[in-house]
Amino acid sequence: LSVSELNIVKADFSLQERVYCDNCKTSIFDYHRSCTKCSFDLCLICCRELRSGQLVGGAEPIELEFVWQGRGYLHAEKAIEKVEQIESNAGAKPEVHEWSRSGWHSHSNGSIPCPKVNDKCNHGFLELRSILGQHFISELVCKGKELLQAYKIQNVFKPSDSFCSCLGLDRNTDVRNSNMRKAASRDNLADNYLYCPKAVDLQDKDLKHFQWHWEKGEPVIVSNVLECTSGLSWEPLVMWRALRHKTSASKRGQHLDVETLDCLDWCEGGINIHQFFTGYTEGRMDWLGWPQILKLKDWPPSNLFEEQLPRHFVEFISSLPFKEYTDPLIGALNLSVKLPDDCLKPDMGPKSYIAYGFPPELGRGDSVTKIHCDMSDAVNVLTHIAEVKLNSKQLTAIEKLKQKHFEQDRRELFGDDHGGETNTDMLTNSSSIINALDNQNSVQVMEHEGGLCDLKEVDHFHQSGYNEIATAKEDGLLCELEEVKEEIKLENGLLFGGDASEGALWDIFRRQDVSKLQEYLKKHFREFRHVHCCPLKQVIHPIHDQTFYLTMEHKRKLKEEYGIEPWTFIQKLGDAVFIPAGCPHQVRNLKSCIKVALDFVSPENVGECFRLTEEFRTLPINHKSTEDKLESIEDKLKVWQTNFLDLILVFICFSICDKASLVLLLVFNGFGN
């Protein structure tokens with residue numbers, strides 16, 4: 001049929017109802033196919049795949065189980081023989097198709113039958129429907145063209161590579177008093193520094209500087225953002241009292257117990273909120289004296305943050321720099337605010353992340369957010385930190401358990417069942433220790449006989465208190481000890497400066513390095529543990545599974561084997577970290593931390609959002625990562641489509657770079673056609 005002959009039915013949905021594809025679980029924005037006899041809905045991408053005979057979206061459920069082997073197994077004791085508990089996590093949640101994909105295909109004329117067979121429906125017809133109305137898009141395109149003709153937009157300003165003074169930085173540059181922070185040691189020197197202005201010094205012209213880096217997919221760190229606020233306290237008990245004050249007396253009881261995640265066995269549990277916050281400042285130990293690292297889950301719920309903590313909400317929003325992008329209400333370049341008022345908004349936050357943390361890398365049970373990739377841009381502000389001191393008795397207990405963990409890993413992850421003396425044993429037993437850094441944050445290098453060491457694998461990072469002892473080796477390749485000292489000084493001097501405001505260690509990978517990162521994780525996945533401390537046996541998607549955290553040793557091996565490294569930096573109190581969509585990242589708390597994050601959608605990264613949407617829709621339907629993200633991502637991606645006129649005005653006023661403009665216009669034209 002020609003377009004003029006089409007009579008597309010308007011879907012009967014409430015504006016407050018989220019519509020999603022029953023096959024791939026991706027949100028449906030406008031056009032889709034819906035069964036005439038039942039409630040089955042299918043997105044247009046799945047329709048095209050069905051007609052081509054290759055239905056990729058909504059893969060069949062997977063089974064990925066982690067067996068509970070007893071509490072003692074968490075600390076290298078013998079696993080119990082009888083299986084008492086099986087945890088399905090990180091790859092699967094209990095959800096399956098209520099219908100079969102087997103034999104489901106389109107008819108010869110291109111029409112698609114409903115796959116359901118029940119009392120209401122027996123392969124009914126899927127007809128084309130529209131949520132916004134048949135003429136919504138065409139009318140929007142016409143208005144956009146009229147505006148373009150009326151204002152005759154000139155070529156937008158695109159800064160040259162010499163626009164930013166950051167490119168002049170080299171190894172001899174002192175960046176302590178500049179707006180840059182060294183975060184990597186790649187051969188491309190200009191790529192090693194991140195733009196890091198101070199919030200109090202920001203001026204209107206700095207927006208262009210921010211955009212210059214942001215358009216390249218680089219993170220940005222803005223320091224001291226809390227100095228731009230009223231000074232409201234982010235102490236955990238202050239937040240708790242504020243939340244209790246907003247809760248009626250009849251409902252207070254439900255806020256006394258909260259859900260937490262234990263970073264040792266990666267399992268959820270309940271705890272009294274006052275007990276949690278006591279541990280936040282004083283620490284908690286498990287039954288063997290190992291630090292119990294807890295992460296508070298969704299407190300307060302992100303969709304209720306503004307309602308339950310209104311003063312903290314205002315305080316957080318006022319702290320955000322570059323409000324053209326980050327303002328959740330009127331940000332001119334925040335496309336998520338362009339959704340019509342009467343439609344269901346995606347949950348963009350803010351959301352709090354509250355967790356314990358310790359400076360040394362424990363190797364097991366660290367306070368980490370594992371490698372993952374957000375589907376939209378985000379800004380993360382560190383609002384509070386608390387340092388927990390460990391006494392000598394606790395440190396001794398930790399050291400003994402770490403040795404047991406190491407021996408267990410050697411047996412289970414690396415297949416050494418004989419307990420013979422390895423290169424690691426020889427290095428660990430060596431008596432010559434060289435102090436490489438200062439006392440509080442020192443890294444000591446164990447010296448091999450003759451003053452030479454082997455660098456292929458740093459088998460073990462063995463901490464004593466806040467000291468990290470690195471034993472290093474390299475098969476057949478000896479290196480001067482001084483070179484090793486210098487390399488470790490560089491890496492750790494980059495990270496740990498002894499600043500009392502340091503809170504969290506970030507690793508953010510470049511988009512162009514994602515494929516190599518995935519190759520490394522697929523190659524080494526058996527060297528990692530996850531739920532119940534079980535070794536990983538399967539990888540669905542290296543990034544989206546969220547089952548990996550790269551230690552310092554793994555990051556070293558990654559660079560050695562694949563030539564890539566992340567931007568690595570410390571987030572200090574008051575730092576706002578901007579993370580571009582599509583950049584895999586991981587975080588480890590060095591102290592107990594309260595962070596507050598907000599999602600936004602920038603014009604520069606819309607193309608990356610589309611790419612990620614396609615990745616997520618091809619995951620198994622019960623994959624953990626599809627649980628929350630796919631429900632709202634289509635709303636985020638299509639915000640510019642519903643208010644294209646606003647974007648045209650944005651281009652006029654703010655002169656977005658050519659690349660971002662082109663992406664938006666081309667993709668919009670594709671949908672219009």
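We number each residue from 1, following the sequence as shown.
- The ring pair (Phe, Tyr, Trp, His ring centres under 6.0 Å) search around Phe528 returns Phe548, His554, not counting sequence neighbours.
- Residues meeting the side chain to side chain donor-acceptor pair (under 3.5 Å) test with Asp513, sequence neighbours left out: Arg510.
- To the nearest 0.5 Å, atom CG of residue Asp30 and atom CD of residue Gln134 are 10.5 Å apart.
- In this structure a side-chain-to-backbone donor-acceptor pair under 3.5 Å is present from Asp377 to Ser602.
- With contacts defined as side-chain heavy-atom distances shorter than 4.5 Å, the pair Leu521/Val539 does not qualify.
- At a threshold of 4.5 Å between non-hydrogen side-chain atoms, the residues Trp104 and Ile112 count as touching.
- Looking only at distances, a side-chain donor or acceptor of His123 sits under 3.5 Å from a matching main-chain atom of Cys114.
- Applying the side chain to side chain donor-acceptor pair (under 3.5 Å) test to His32 and every residue at least two apart in sequence or in another chain returns nothing.
- Ser111 is linked by a side chain to side chain donor-acceptor pair (under 3.5 Å) to His107, Asn109, counting only residues two or more places apart in sequence or in another chain.
- One finds the CZ atom of Phe509 at 11.5 Å from the NE2 atom of His585 (value rounded to the nearest 0.5 Å).
- Although no hydrogens or angles enter the test, the distance criterion places a donor-acceptor pair under 3.5 Å between the side chain of Arg186 and the main chain of Asp191.
- With sequence neighbours excluded, no residue satisfies side-chain contact (heavy atoms from CB on, under 4.5 Å) with Ser515.
- With sequence neighbours excluded, the residues that form a salt bridge (charged side-chain N to carboxylate O under 4.0 Å, His left out) with Asp507 are Lys555.
- For His105, the side-chain contact (heavy atoms from CB on, under 4.5 Å) test picks out no residue, with sequence neighbours left out.
- With sequence neighbours left out, the ring pair (Phe, Tyr, Trp, His ring centres under 6.0 Å) criterion links Phe210 to Trp214, Phe322, Tyr325, Phe578.
- At a threshold of 4.0 Å, the pair Glu614-Arg611 does not count as salt-bridged, since none of the basic side-chain nitrogens sits closer than that to a carboxylate oxygen.
- A side-chain donor-acceptor contact under 3.5 Å links Asn334 to the backbone of Asp327.
- Not counting sequence neighbours, the partners of Glu127 by the salt bridge (charged side-chain N to carboxylate O under 4.0 Å, His left out) test are Arg129.
- Side-chain contact annotation: His532 with Gln69, donor-acceptor N/O pair under 3.5 Å absent.
- Side chain of Lys25 to backbone of Phe616: no donor-acceptor contact under 3.5 angstrom is found.
- No donor-acceptor distance shorter than 3.5 angstrom exists from the side chain of Lys351 to the backbone of Leu598, with no hydrogens or angles considered.
- Judged as a side chain to side chain donor-acceptor pair (under 3.5 Å), and not counting sequence neighbours, Gln54 has no contacts.
- Taking a 6.0 Å sphere around CD1 of Ile330, one finds it holds 12 or fewer heavy atoms contributed by other residues, nucleotides or ligands.
- His623 and Asp545 form a side-chain donor-acceptor contact under 3.5 Å, judged by distance and modelled atom types alone.
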Item checked: Intermediate values then yes/no, ring-ring contact (aromatic ring centres under 6.0 Å, His included), Phe66 and His530 -> CA-CA 8 Å; Phe66 298 90; His530 195 45; 5.6 Å; yes

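- Using a 4.5 Å heavy-atom cutoff, the side chains of Asp599 and Ser336 are not in contact.
- Pairs of residues two or more places apart, or lying in two chains, that qualify as salt bridge (charged side-chain N to carboxylate O under 4.0 Å, His left out) and include a residue from residues 514-542 are Asp409-Arg529, Glu412-Arg529, Lys523-Glu561, Glu527-Lys557.
- Comment: Glu60 engages Arg101 in a salt bridge, judged by a side-chain N to carboxylate O separation of less than 4.0 angstrom.
- For the pair Val514 and Pro584, the minimum side-chain heavy-atom distance is below 4.5 Å.
- Remark: the backbone N or O of Ala581 is paired with a side-chain donor or acceptor of Arg511 at under 3.5 angstrom.
- Listed by first and then second residue, the salt bridge (charged side-chain N to carboxylate O under 4.0 Å, His left out) pairs that reach into residues 43-53 are Glu49-Arg617, sequence neighbours excluded.
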